[in-house]
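The structure appears right after this line, and notes come after that.
Since the model is a prediction, treat every value here as computed from it, not as a measurement.
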Amino acid sequence: MPTTTSDKGDPPPVHALLTDGTTVCVRPVVPGDHDRLEALYEEMSPENLRLRFFAVSRRSVAMAADRACAPARAGHRALLAETRDRIVGLAEYDSGGDKDSAEISIAVADGVHHRGVGTLLVEHLASAARAEGIASFTADALSENYEVLRLFVDLGLRVTRRFDGPEVRCAVGLDPDDTYLSAVEARGSHADVASLRPLLRPDVVAVAGAGRRPGSVGRAILHHLRSGGFTRRLFAVNPAADAILGVPCHPAVGALPVTPDLVVVAVPAAAVPDTAEECGRAGVRALLVVTAGLDDEQAKALLSACRTHGMRLVGPNCLGIANTEPGLRLDATFASGHARPGTAGVAVQSGGVGIALLDGLSRLGIGVSSFVSLGDKYDVSGNDMLQWWEHDGRTDLALLHLESFGNPRAFSRTARRVTRRMPVLTVDAGRTEAGRRAAASHTAAAATRIMTRQALFTQAGVTATRSIGELLETAALLHSQPLPEGARVAVVTNARGAGVLVADACAEAGLALPPFAPSTIDDLLAVLPEGATTGNPVDATAAVTEDQLGACVDRLVRCPGVDAVLVVLVPTAVAEATGDDLVRALTRAPGRRARPVALVRLEQAQPVELLPAADGTIPSYAEPHAVARALAHAARRAAWLARPAGTVPELQGVDSPRAHAVAEAYLAAHPDGGWLDPRSCTDLLACYGVSQTPWAWAETEDEAVRAAERLRGRDGRVVLKAYWPGLVHKSVERAVLLDLRGEPEVRAAFKDLRTRFAGLMTGVVVQPLAARGTELLAGVVQDEVFGPLVLFGHGGTAVEVLADHAARLAPLTDHDTHDLITSPRCAPLLFGAHGSPPVDLEGLEQLLHRLSRMAADLPQLAEADLNPVLATPDGVVALDARVRLLPRRSHDPYLRRLR
């Protein structure tokens, strides 16, 4: 690859996958590419040259290479795709001075058609064009050029075509709506799965670093592959042995009789880069690097080798991978035992967590379809594994342990799709926050990493648990039982005290124990022993028999007011004397009933077990809180699945170009970014129709008096707020003076502020005193990893003390805004508590959507803090607003690229 860099301010090279799973590098064209671009065209067949240039002409080839490599100019971009130092595609656009539209051209090398090269380049080119403000592409093609016409149609963008004799004029709108993003996802998923096949379904595996003596990790993995019954070809790589554990051994990867699909790298850290390079040159398609302790240079060299040679990589510093698929039986781990075959897909970053999950799933009998220990996660991620499980035909339960996210927004879209097919469960690791930024706004101070992660999981439909134990408890229920239709639970027990414990646990988990209808009570009394009570919980008494308990549960499962049944049993001498097995009353019936049924046995040794039933299994828990948590997770999943996918509404009165101009003007004057002054802040919010209370700027005492006279609020009272660049928390600095009446009080207040903040204050903001209403907080924080996060909740001076907030990641759908408004503890105040009328809920929704749109439009937006926002039945208005901008480039989170 030429070392010359582009001077156009283009993004750095990225790697992405083609439809067959091979890797290409997508990068801007540089002058040093000229000769190779000419070669790209010269190697084309005459027919393909005619379709590209409408004629076969040497001059057209030279002109095309000249144009692509021309000096930088506004409105022109040229990107190429290359693999193994060969250019396989070129795409470029030229606006010709048009601000809104650009002409696009595409060329793909002979021999690589139908592998998605052109489509990938156009996706990247469209992303660059959108960042430059270009709204559409145009292209001329011969009407017989079916491939390029199909490319435009299949993009997922809005395409119009106009036929003119033998030519077709195509216009492609670049708005990345949900149809386009779904098409990109589908292409990416297909390519991703194809790239993972050499890793997870290899025909040939080699272990590099397998030692002759016991104790090495490589030898342990080689032993696991053999003892696990790997059915395909297996080799070891060691220059000092002919065979290890009966496996043929060769001195180097290049000396193997066949090229491996997968090489397990267990060599010392210093040897990892060279081993990876050797594998790449030999044509290996996937690496599993279990070695730990790579320094920065070794890590860069490892990833570079994988990208250069198109190898997918798991690790380094990981436990290994496994695929229990019949006819494969791949176990390339150094866990203590083999994973039990089953239907749960598992991906973890921690090897210790992986071992715990493998053991727990095997013990429960759920088993594992495939397992990947991601380790330091240089390449293959949880997002990759979700897509694999979506298509592998075996997985019906996905379990994740992720300590970090490379692309949370792409993960969210993938998880939203996958979790409609199967439950996706995670352990919410890394929940604590070490501290808060001292110079942050109220919004940023309120936003924690746990809040951001929870927003991601909630919006994506991911079931987030707080421990490995809770993860396994929930997995047991979701694996064995149908989802409940709601949160109404019936509890049955043979010991009243145990039933009370379960009732308490259910209430604390957000579940309800409704009273039964009279007809249900009559049905229960008809089958229960004398002395039983039919409240909820149902006390069946210690005298209940196996048949009576079974009949009681059957009636409750069919009861229309019940969504799930929990049975709480303790061993009694009565049951022993009569020979009744109360547990058998449940397991002799079908394991999967119309509604979920679970068992609680307080004497049970294991936290959760799956008991064999007539045609399934019944989950049995040792702790009431465990089953209540699991059932609450199941109820939330059912509610998420029942709700239609939300939509991002169209907003009126949004002026995005003007907003960009305001941001660019501020950053031109303040290259390091900062807090906007009141005028700029108001201008920016006005671009999105965010309503603010009237205000005026005053730099002198007389100006403050005149402004107060114009803006007199309720009973003629006004507010003075000091301002200087960098002031964030006015109330903390006591820089706000309220309830000022008449000229003398305004003058006195101005003098007080000027005296106390001498040398700092540049002026004051004068506002009318607001009417009474509910004070709220609404804001945005731009997270470096997760993107923009919209916060909403209780506002005012006690915002951080009360910590009553909810958060969702932008862009917000209509469902997201509803959840934001209803989630905080202060929500009843908004809907009309104690006889008060509700506030303007539609106005609140509009405010949140407009903040979301602003955050999505402006990558420079670091924080927006509206506090307080006054909500009344008559409207919603921001009484104070702060916005901070930073010099950030636009980042397309949905653009297909490898980590």
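A heavy-atom distance below 4.5 Å is found between the side chains of H849 and P649. Residues L820 and V790 have side chains in contact (heavy-atom distance under 4.5 Å, counting atoms from C-beta outward). For the pair Y666/L676, a side-chain contact is recorded, criterion being any heavy-atom separation below 4.5 Å from C-beta on. For the pair H805 and P824, the minimum side-chain heavy-atom distance is 4.5 Å or more. Under the 4.5 Å side-chain criterion, counting only non-hydrogen atoms from C-beta, D683 is in contact with R658. Looking only at side-chain heavy atoms (C-beta outward), I821 and L848 come within less than 4.5 Å of each other. A 4.5 Å side-chain heavy-atom check between K721 and D880 finds at least one atom pair inside the cut-off. Put simply, the side chain of D100 does not reach to within 4.5 Å of the side chain of I134, judged on heavy atoms.
D376 contributes no side-chain N or O that, together with a main-chain N or O of Y378, makes up a donor-acceptor pair within less than 3.5 Å. S823 places a side-chain N or O within donor-acceptor distance of the main-chain N or O of D819, the cut-off being under 3.5 Å. Within the 3.5 Å criterion, the main-chain N or O of V877 finds no donor-acceptor partner in the side chain of S691. Of the possible donor and acceptor atoms, none in the side chain of E845 sits under 3.5 Å from a partner among the backbone N and O of T817. Judged by distance alone, the side chain of Q782 and the main-chain N or O of L789 form no donor-acceptor pair under 3.5 Å. A donor-acceptor pair under 3.5 Å links the side-chain atoms of R899 to the main chain of K377, judged by distance alone. Formation of a donor-acceptor pair under 3.5 Å by the S136 side chain with backbone atoms of L174 is not found in this model.
In this structure, CG in L720 is found 11.0 Å from CD in E745, a value given to the nearest 0.5 Å. For the atom pair L684 CG and L885 CG, the distance stands at 6.5 Å (nearest 0.5 Å). L812 contributes atom CG, which lies 11.5 Å from atom OG1 of T647 (distance to the nearest 0.5 angstrom). In this structure, the separation between CH2 on W675 and CG on D865 is 6.5 Å, given to the nearest 0.5 Å. In this structure, the separation between NE2 on H670 and CG on L886 is 13.0 Å, given to the nearest 0.5 Å. Once rounded to the nearest 0.5 Å, the distance linking CG of L753 with CD of E733 reads 12.0 Å.
Dense packing is recorded around CG of D295, with more than 12 heavy atoms of other residues, nucleotides or ligands lying under 6.0 Å away. Other residues, nucleotides and ligands place no more than 12 heavy atoms under 6.0 Å from the NE2 atom of H818. Residue-environment remark: CZ (R734) stays at or below the threshold of 12 foreign heavy atoms within 6.0 Å.
Note on ring orientation: taking the six-membered ring where Trp is involved, the planes of F405 and F411 are perpendicular (angle over 60°, cut-offs 30° and 60°). Taking the six-membered ring for Trp and thresholds of 30 and 60 degrees, Y93 and F137 have ring planes inclined between 30 and 60 degrees apart.
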Exercise. Please lay out, stage by stage, how Q767 and L711 fare under the test side chain to side chain contact (heavy atoms under 4.5 Å, CB included).
Key: CA-CA 6 Å; Q767 292 176 320; L711 296 171; 5.9 Å; no
Quiz prompt | side chain to side chain contact (heavy atoms under 4.5 Å, CB included) between S467 and E470, intermediate numbers included | solution = CA-CA 5 Å; S467 67; E470 185 180 342; 3.4 Å; yes
Self-check item: H660 vs L858, side chain to side chain contact (heavy atoms under 4.5 Å, CB included): CA-CA, chis, key distance, verdict
Solution: CA-CA 7 Å; H660 281 284; L858 301 175; 3.7 Å; yes
Exercise. Please lay out, stage by stage, how H815 and Q459 fare under the test side-chain hydrogen bond (donor to acceptor under 3.5 Å, both in side chains).
Key: CA-CA 9 Å; H815 293 327; Q459 289 171 269; over 6 Å; no
Quiz item: Could you go step by step and tell me if T458 and W640 meet the side-chain hydrogen bond (donor to acceptor under 3.5 Å, both in side chains) rule?
Solution: CA-CA 9 Å; T458 299; W640 189 89; over 6 Å; no
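Considering every non-hydrogen atom in both P678 and V765, the closest pair reads CG-CG2, 4.0 Å. Contact between P725 and T762 at its shortest, heavy atoms only, is CD-CG2, 4.0 Å. Minimum heavy-atom separation, R888 to A862: NH1-CA, 3.6 Å. In this structure, V883 and C681 approach most closely via the heavy-atom pair CG2-SG, 3.7 Å. Smallest separation of non-hydrogen atoms from T682 and W695: OG1-NE1, 3.0 Å. Nearest approach of N867 to G795, heavy atoms of both residues: OD1-CA, 3.4 Å.
Residue pairs meeting the ring-ring contact (aromatic ring centres under 6.0 Å, His included) criterion with at least one member in residues 766-785: none, sequence neighbours excluded. The side-chain hydrogen bond (donor to acceptor under 3.5 Å, both in side chains) contacts involving residues 850-861 comprise S656-R853, S656-D857, Y688-D857, Q846-R850, R853-D857, where partners must be two or more places apart or lie in separate chains.
Between D94 and R77 there is no salt bridge, since none of the side-chain N atoms of the basic residue sits less than 4.0 Å from a carboxylate O of the acidic one. Of the charged side-chain nitrogens involved, at least one lies within less than 4.0 Å of a carboxylate oxygen, so that D892 and R130 count as a salt-bridged pair. Ion pairing between a basic and an acidic side chain is recognised when a charged N comes within 4.0 Å of a carboxylate O; D752 and R756 show such pairing. Between R453 and D428 there is a salt bridge, since at least one side-chain N of the basic residue sits less than 4.0 Å from a carboxylate O of the acidic one. Taking the charged nitrogens against the carboxylate oxygens, E123 and R896 do have a contact shorter than 4.0 Å, which makes a salt bridge.
Annotation: cation-pi geometry satisfied between R413 and Y894 (NZ/CZ under 6.0 angstrom from ring centroid, within 45° of ring axis).
A donor-acceptor pair shorter than 3.5 Å cannot be found between the side chains of D98 and S101.
The residue from L791, V780, L861 that alone fulfils the side-chain contact (heavy atoms from CB on, under 4.5 Å) condition with L851 is V780.
Legend: residues meeting side chain to side chain donor-acceptor pair (under 3.5 Å) with S95, ordered by chain and number and at least two apart, are absent.
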